[in-house]
2 protein chains.
Amino acid sequence: MTQPAVSRQVASLERKLGVGLFRRVPRGVEPTAAGAIAIEEARNVLDRLGTLQARMEAFADLRTGHVRISSFPSANTDFVPAAIRRFRDLYPGVEVSLVQGDVAGIRAGDVDLAMLTTWDTAPEEVVTVPLLDEEHWVALSEAHPLASLTTVPLRQLRADSWVEGSHPDCLGPLDILAEALGGPPRVGFTCEDWTGKQALVAAGMGVTIISTLAAAALRPGVVLRPTAPRLPSRGVLAATAPSQARSPATTAMLRVLTDLGASYR
Amino acid sequence: MTQPAVSRQVASLERKLGVGLFRRVPRGVEPTAAGAIAIEEARNVLDRLGTLQARMEAFADLRTGHVRISSFPSANTDFVPAAIRRFRDLYPGVEVSLVQGDVAGIRAGDVDLAMLTTWDTAPEEVVTVPLLDEEHWVALSEAHPLASLTTVPLRQLRADSWVEGSHPDCLGPLDILAEALGGPPRVGFTCEDWTGKQALVAAGMGVTIISTLAAAALRPGVVLRPTAPRLPSRGVLAATAPSQARSPATTAMLRVLTDLGASYR
DNA sequence: GAAAGCCATGCGCTTCATGCATACCAAACC
DNA sequence: GGTTTGGTATGCATGAAGCGCATGGCTTTC
């Protein structure tokens with residue numbers, strides 16, 4: 001800012017306030033009593049503007065903020081917790097929540113980032129980013145007659161009892177499984193969580209399907225085997241608001257998720 | 001301010017800060033976490049700006065401030081104290097000082113308002129405002145032989161002892177007095193202050209000249225008489241910086257002085 | 001299905017602020 | 001005493017930024 005500009009601004013301010021702020025002395029200017037107070041108060045104003053900007057930068061620089069993630073059981077087994085762990089190491093000031101809710105929560109403002117699979121349908125207005133592709137294996141008790149095979153023909157599981165979950169991704173698209181089996185699976189148990197399902201399988205009470213993400217927390221006594229025919233793979237996605245409506249923390253979390261997803265390949 | 005202007009400003013601010021401040025929801029906007037903080041801090045900034053303005057208005061509205069006046073003994077006798085009294089009644093928040101210094105102090109910044117007479121010379125760059133014209137009388141002891149006259153011929157005071165002060169305005173231009181007397185006055189005493197001079201006069205130790213302003217505090221035992229020929233009158237002025245460089249308090253004091261001067265006529 | 005709210009954007013305009021060059025003033029210096 | 005120097009105010013022209021109006025797009029509501 002050049003000197004004439006300052007000169008004008010000061011003169012204009014003096015006119016607006018109706019008070020002289022500077023006395024013109026031989027070798028420059030000198031604040032009047034009012035001017036000294038004006039300088040003091042102006043510093044206060046600048047200080048406040050500074051803290052405003054600093055607090056906003058804290059959001060932009062990820063020293064504070066909040067990300068709310070909705071996810072699904074198999075992603076919660078290992079992938080999302082690992083992402084949260086990495087995120088908190090990188091940005092300890094940012095709060096991370098795992099919330100109940102689905103992808104519709106993004107539009108409603110209840111969720112910042114939703115984990116999805118390609119078997120889900122995403123609304124039009126959210127952006128989905130592919131993270132990784134996962135395979136499906138059949139999970140058997142290590143005492144199961146077919147446990148010694150390297151690849152399990154699905155038809156031979158026709159008579160087995162199947163453990164399903166309430167979440168639709170638990171056994172995958174049932175029609176595909178039914179086709180491979182040669183008929184609808186015989187569902188012996190329904191269990192919400194992976195721990196319970198694996199416990200049932202380990203106890204020899206049935207077989208089930210486990211995907212890559214859920215396989216990270218495999219219980220002793222349970223073995224995984226590829227199937228013939230192969231079960232279809234499934235893409236895992238993250239859904240967020242479009243980039244201009246995304247918070248810096250959400251963007252950062254998305255980056256952590258894609259990085260982590262890449263390392264899974 | 002119209003809605004599109006606000007919309008643009010918010011968008012621009014969000015771009016500058018790198019943080020979204022409002023989420024666009026179906027029926028309007030809603031502050032984000034960062035936006036809520038920004039609003040809070042913005043209120044702080046506005047508060048500070050408000051106090052800045054309020055404190056400046058306190059100067060403009062004469063609820064605070066400072067006037068430094070330099071004056072001379074006869075004006076200090078009654079006129080200036082009365083003006084200060086009236087000023088403080090009108091503007092109790094404004095501090096008033098009587099300072100040592102002369103009209104040169106205005107330029108130097110030590111004095112805001114200087115009392116002058118037409119017998120003084122004022123620098124070019126100050127503004128002088130006439131307040132009143134004062135007459136001069138001869139002061140005699142009430143026991144003085146000429147005290148019974150309504151008008152005292154100055155020639156008859158040729159042989160009297162005169163009391164002068166160190167300040168040049170005490171006996172007025174000596175040459176005029178000398179001409180009226182028919183010769184230089186015989187100076188018997190020199191006394192700085194009016195009280196002392198009047199005491200000497202009351203004690204019959206000499207005579208002196210007293211002007212209108214000094215006459216306000218006339219001591220018992222001293223009488224004032226017009227002279228023949230009449231002594232010249234003298235204008236009393238106030239000198240300040242030019243109006244655009246004047247503080248509101250100085251302007252107000254100048255107004256009080258002119259009002260009070262007018263009431264002296 | 002139509003109407004009403006509400007935010008974002010294109011467009012044209014005005015206003016404000018800035019920078020450059022310069023005038024002006026007083027002090028300091030040779 | 002004249003000249004140089006440090007510093008502020010002003011005329012002028014350029015440039016940018018902000019505003020208002022009108023409009024578009026989207027959603028909710030009657």
Side-chain angles (χ1 to χ4, degrees), chain A residues 1-36 38-39 42 45-46 49 52-53 103-111 122-127 239-247, chain B residues 1-36 38-39 42 45-46 49 52-53 101-111 114 121-127 239-247:
Chain A
M1 207 164 170
T2 60
Q3 173 270 322
V6 176
S7 187
R8 280 181 207 281
Q9 288 298 316
V10 170
S12 158
L13 188 60
E14 286 177 327
R15 239 181 303 110
K16 277 179 201 154
L17 296 175
V19 187
L21 300 177
F22 294 94
R23 272 186 351 98
R24 277 62 181 176
V25 293
R27 59 185 170 292
V29 295
E30 183 182 88
T32 62
I39 290 171
V45 173
L46 292 179
L49 271 174
L52 166 53
Q53 189 174 359
V103 69
I106 292 176
R107 236 182 68 76
D110 303 321
V111 174
E124 186 66 28
E125 65 272 8
V126 303
V127 172
T240 66
S243 79
Q244 73 273 13
R246 232 178 258 157
S247 75
Chain B
M1 206 161 169
T2 60
Q3 174 269 321
V6 176
S7 186
R8 281 181 206 283
Q9 288 298 316
V10 170
S12 158
L13 189 59
E14 286 177 328
R15 239 182 303 111
K16 279 179 200 154
L17 295 176
V19 187
L21 300 177
F22 294 94
R23 268 183 358 95
R24 277 65 179 175
V25 293
R27 62 185 168 289
V29 294
E30 180 181 272
T32 62
I39 290 170
V45 172
L46 291 179
L49 270 174
L52 166 53
Q53 189 174 0
D102 59 353
V103 69
I106 292 176
R107 238 183 67 76
D110 302 323
V111 174
T121 56
E124 186 64 29
E125 65 275 7
V126 303
V127 172
T240 66
S243 79
Q244 72 273 12
R246 231 178 259 157
S247 75

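This is a predicted model, so every value here is computed, not measured.
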Mind listing the closest non-hydrogen atom pair of B:Ala241 and B:Arg246 along with its distance?
O-NE, 3.1 Å

Pick the closest DNA chain C nucleotide for B:Arg107 and for B:Val29 by heavy atoms, then say which residue is nearer the 5' end.
B:Val29

Looking at residues 2-17 of chain B, who's got a heavy atom less than 4.0 Å off DNA chain D?
B:Thr2, B:Pro4, B:Ala5, B:Arg8, B:Gln9

For residues B:Val103 and B:Pro123, determine if any side-chain heavy atom of one lies less than 4.5 Å from a side-chain heavy atom of the other.
yes

Going by atom types alone, do A:Thr32 and A:Arg23 pair a side-chain donor with an acceptor below 3.5 Å?
no

What nucleic acid atoms does B:Arg23 come within less than 4.0 Å of, heavy atoms only: base, sugar-phosphate, or nothing?
nothing

On a heavy-atom basis, the closest approach of B:Glu14 and B:Leu21 is OE2-N, 2.7 Å

Tell me the closest heavy-atom pair linking A:Val19 and A:Ala34, and the distance in Å.
CG1-CB, 3.3 Å

Send over the distance from A:Glu124 CD to D:dT27 C1', rounded to a whole Å.
16 Å

If you take all heavy atoms of B:Leu52 and A:Ala38, which pair is closest and at what distance?
CD1-CA, 3.7 Å

Of the non-hydrogen atoms in B:Ala36 and B:Pro31, which two are nearest, and what is the gap between them?
N-CB, 3.9 Å

Please step through side-chain contact (heavy atoms from CB on, under 4.5 Å) for the pair A:Glu30 and A:Arg24, ending with a clear verdict.
CA-CA 7 Å; A:Glu30 183 182 88; A:Arg24 277 62 181 176; over 6 Å; no

Contact interval (first through last nucleotide) of DNA chain C with protein chain B, 4.0 Å heavy-atom:
C:dC6 to C:dA27

